[in-house]
Novice: 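One structure, as structure tokens, below. Some questions next.
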2 protein chains.
Amino acid sequence: MRLTTKGRYAVTAMLDLALHSEQGPVSLADISNRQGISLSYLEQLFAKLRRQQLVSSVRGPGGGYRLAGELKTISVAQVVDAVSESLDATRCEGKGDCQHGEVCLTHHLWEDLSAQIHRFLSDISLADLVQRRDIQSVRDRQDNQQRITAEQIACSQI
Amino acid sequence: MRLTTKGRYAVTAMLDLALHSEQGPVSLADISNRQGISLSYLEQLFAKLRRQQLVSSVRGPGGGYRLAGELKTISVAQVVDAVSESLDATRCEGKGDCQHGEVCLTHHLWEDLSAQIHRFLSDISLADLVQRRDIQSVRDRQDNQQRITAEQIACSQI
DNA sequence: AAATAGTTGAGTAAAATACTCGGTTATAGG
DNA sequence: CCTATAACCGAGTATTTTACTCAACTATTT
């Protein structure tokens, strides 16, 4: 399990989806505006999330993405794994062929750590995140900002 | 705390140092041979490790690096932190200015995770690693391979 | 028919990673 | 003093990943 900003983007986007999916599917354009992630990048991330069946899509006007399952059945670990495709060739990542076809010195240490991180993130579901107070306050701020921006755009177009 | 192969290289090198520091300082050339890490890359890593006072250096013939402290006082977390210089601009890494000067949705989540990983790696000292059975077996294999290679070189030069 | 929004692919700039190269300085041993 | 060793230092570079742009196409709604 690799931990980069890519996985963080994916979790942030999925959480935004969870927070706004009450009134139908959520478009990537909305997520892009709220979370400050580029639309095209989101498209790439969601292509992977869809392939892993974490989200389902609705095409056409009013369309967007929906969570494929219950909030509490989707873990942060699943989301990170979906976009990380960590079967890469980085030494000590897959099988133990780190050094001349044998395990390297710290192979098992990193295996332990990986398991630890995975366990931590597997225990956190989107449902858990949605209930966090710090996330709710950020959500409120973002929703207000969005409303203000939308009004400003509306005003400037008169 | 970021977790990349860079930190893994550093921990592997420090562990090699720990395993071979009984008979005086260990040269980077030796570590490079045993662990398959390029010499110049090791130089860069050890420059940082020295700046963080995790190792001390001895110049000249027979010189090399020594651990600056006791085995059990050096944690894996310290080593990873020394080479990671993670005061980078990656969103949600330093202060909470992830999005328009405010914290982003998952800021606190990643803070929690970071603390978790840091705690895990802080509890593991080089002394702990040296005692691990899996590491001792890899060490034996590597030491033997090195001896064989050294003999082959000696033979080929006759 | 037109607008919306997902889907796909190719290409690209910036950053991080993992090096290489070419030197210098300090020091031990002859 | 000379020479070999090995740390030190800075610049440069190939590869990969990240994060993103652009352009087209398809499905669906109104």
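So you know, we letter chains A, B, ... as the sequences are listed, proteins then strands, and number each from 1. Bear in mind that the values here come from a model prediction, so they are computed numbers and not experimental data.
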Novice: Starting from P on D:dC20, measure out to CG on A:L42 and report it in whole angstrom.
Specialist: 9 Å
Novice: Does any N or O donor sit under 3.5 Å from an N or O acceptor when you compare the side chain of B:R59 with the base of C:dT27?
Specialist: no
Novice: If I take atom CZ in residue A:F46 and atom P in nucleotide C:dA5, what distance separates them, rounded to the nearest angstrom?
Specialist: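 One finds 15 Å between P of C:dA5 and CZ of A:F46, rounded.
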Novice: Take atom OH of A:Y41 and atom P of C:dT7, then tell me their distance rounded to the nearest Å.
Specialist: 18 Å
Novice: In this structure, are over 12 heavy atoms from other groups packed under 6.0 Å from B:E43 atom CD?
Specialist: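 Yes.
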Novice: Hey, are the side chains of A:Y65 and A:S57 touching, using non-hydrogen atoms and a 4.5 Å cut-off?
Specialist: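 Result yes, sub-4.5 Å side-chain heavy-atom pair found.
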Novice: What's the CD-C1' distance between A:Q44 and C:dT7, to the nearest Å?
Specialist: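 Roughly 12 Å, once rounded to whole Å.
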Novice: How many Å lie between CG on B:L39 and C1' on D:dT5, as a whole number?
Specialist: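 The distance from CG of B:L39 to C1' of D:dT5 comes to 12 Å, rounded to the nearest Å.
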Novice: In whole angstrom, what separates A:K48's NZ from C:dG6's P?
Specialist: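 That distance rounds to 18 Å.
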Novice: From C-beta outward on A:P61, which listed nucleotide comes closest to its side chain: C:dG6, D:dA4, D:dT29?
Specialist: D:dT29
Novice: OP1 or OP2 of C:dT7 sitting under 4.0 Å from any side-chain N/O of A:S57?
Specialist: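 The answer is yes; a side-chain N or O of A:S57 sits under 4.0 Å from OP1 or OP2.
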Novice: Closest-nucleotide mapping onto DNA chain D: is B:G63 or B:A47 further toward the 5' terminus? I mean the 5' end.
Specialist: B:G63
Novice: Using only side-chain N and O atoms of B:S38, determine if any of them is under 4.0 Å from OP1 or OP2 of C:dT20.
Specialist: yes
Novice: Do we see a donor-acceptor contact under 3.5 Å between the side chains of A:D81 and A:S84?
Specialist: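 Judged by distance alone, the side chains do not pair up.
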Novice: Could you work out which one of D:dC9, C:dA18, D:dC20 sits closest to the side chain of B:K6?
Specialist: C:dA18
Novice: Heavy atoms, side chains only, cut-off 4.5 Å: are B:L67 and B:L54 in contact?
Specialist: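 Heavy-atom side-chain distance check fails, nothing below 4.5 Å.
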Novice: List the atom of B:K48, the atom of B:V83, and the distance in Å for their closest heavy-atom pair.
Specialist: NZ-O, 3.6 Å
Novice: Calculate the interatomic distance between A:L45 atom CG and D:dT17 atom C1'; express it in whole Å.
Specialist: 13 Å
Novice: Please tell me which of A:E43 and A:G7 maps to the more 5' nucleotide of DNA chain D, matching each residue to the nucleotide holding its nearest heavy atom.
Specialist: A:G7
Novice: Which is more 5' along DNA chain C, the nucleotide nearest A:S40 or the one nearest B:G60? Just name the residue.
Specialist: A:S40
Novice: Output yes when at least one side-chain N/O atom of B:R50 is less than 4.0 Å from OP1 or OP2 of D:dC9, else no.
Specialist: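 Checking D:dC9 against B:R50, a side-chain N or O does come within under 4.0 Å of OP1 or OP2.
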Novice: Taking only the side-chain nitrogens and oxygens of B:Y9, find out if one of them lies under 4.0 Å from OP1 or OP2 of C:dC19.
Specialist: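 Yes, B:Y9 has a side-chain N/O under 4.0 Å of OP1/OP2 on C:dC19.
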Novice: Report the distance from atom CZ of B:R51 to atom P of D:dC9, rounded to the nearest whole Å.
Specialist: 7 Å
